[in-house]
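Keep in mind the model is a prediction, meaning the values are calculated, not measured. By convention here, the first residue in the shown sequence is residue 1. Any value given below was found using the heavy atoms of this structure, including those in side chains, with hydrogens, waters and symmetry copies removed.
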Amino acid sequence: MMNETANNKTIIARKCKIVGEISANDDLLVYGEVKGNVNCVNDMVVGGSVEGDVEARELRVHGKAENNGKAGAIYGQVAVANCIVNGKIEGDCHIEGDMIVGSTAELIGEINAGSIEIQKGAALKGSLNINNQG
């Protein structure tokens, strides 16, 4: 799905805090804090926190195990093609294709997805709509 070793990527480091809207044409890795909406044309990884709406091609929200003991979190609406969540999303999710909800994920809000896989241990609060056209 996502290639985190690609050359063209923008990294928001762990101790970095950005206030304002972000528009990225490259892959975007957020390990710090963002307070504002994010529009990423390519792939996005969240190991820090985003307080705002997120649009991206592919989204991965890291859990504690893959992120040095701190789960990634998004507080806002999410609109992406595909998504893997092991951290937290608090807001409505609109996933065109596949969504994988890992065992350490916490989702609060309405989820609309083409298909969804929910692993044992995941916490979900809200509604779920599967729109598989296949």
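Interatomic distance, Y31 OH to I11 CD1, rounded to the nearest 0.5 Å: 7.5 Å. Of the inter-residue distances, the one linking L28 atom CG with N8 atom CG reads 13.0 Å to the nearest 0.5 angstrom. A distance of 9.0 Å separates SG in C93 from CG in N112, rounded to the nearest 0.5 Å. The CG atom of N37 sits 11.0 Å away from the OG atom of S23 when rounded to the nearest 0.5 Å. Atom OG of S127 is separated from atom CG of D92 by 7.5 Å, given to the nearest 0.5 angstrom. Expressed to the nearest 0.5 Å, how far CZ of R57 lies from CD of E96 amounts to 12.0 Å.
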Exercise. Taking it one step at a time, do N42 and N25 satisfy side-chain contact (heavy atoms from CB on, under 4.5 Å)?
Worked result: CA-CA 6 Å; N42 286 317; N25 290 323; 5.6 Å; no

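For M99 against A113, the heavy-atom pair with the smallest separation is CB-CB, 4.3 Å. The nearest pair of heavy atoms linking A122 to G102 is CB-O, 3.3 Å. Closest of all the heavy-atom pairs between I130 and S115 is CG2-CA, 4.2 Å. For the residue pair K120 and S103, the shortest heavy atom distance occurs at O-CB, 3.0 Å. Here the shortest heavy-atom pairing between C83 and V85 reads SG-CG2, 3.3 Å. Listed here is the closest heavy atom pair of N67 and H62: CB-CB, 3.8 Å.
Each of V38, V46, D53 was compared with I74 under the side chain to side chain contact (heavy atoms under 4.5 Å, CB included) criterion, and only V46 meets it. With I116 as reference, L128 is the one residue of N129, L128, I100 to meet the side chain to side chain contact (heavy atoms under 4.5 Å, CB included) rule.
V61 and I108 fall into different hydrophobic clusters, defined by Ile, Leu, Val, Met, Phe, Trp and Tyr side-chain heavy atoms under 4.5 Å apart, directly or through other members. Tracing side-chain contacts under 4.5 Å through hydrophobic residues (I, L, V, M, F, W, Y), one never reaches V50 starting from Y75; they form parts of separate clusters. A continuous path of ILVMFWY side-chain contacts below 4.5 Å connects L124 to L59, so both sit in one hydrophobic cluster.
N68 has its side chain within reach of R14: a pair of non-hydrogen atoms, C-beta onward, lies under 4.5 Å apart. Residues V34 and I22 are in side-chain contact: their nearest non-hydrogen atoms beyond the backbone lie under 4.5 Å apart. Within the 4.5 Å cutoff, side-chain heavy atoms of L107 are placed close to those of V101.
With respect to K9 and D26, no salt bridge is recorded, no charged nitrogen being found less than 4.0 Å from a carboxylate O.
Judged purely by distance below 3.5 Å, without hydrogens or angles, the side chains of N82 and E58 pair a donor atom with an acceptor atom.
Screening residues 28-38 for salt bridge (Lys or Arg N to Asp or Glu O under 4.0 Å) gives K35-E51 as the qualifying pairs, with residues at least two apart or on separate chains.
For the pair D27 (side chain) and M44 (backbone), a donor-acceptor distance under 3.5 Å is absent. Without hydrogens or angle criteria, T104 side chain to N86 main chain gives a donor-acceptor distance under 3.5 Å.
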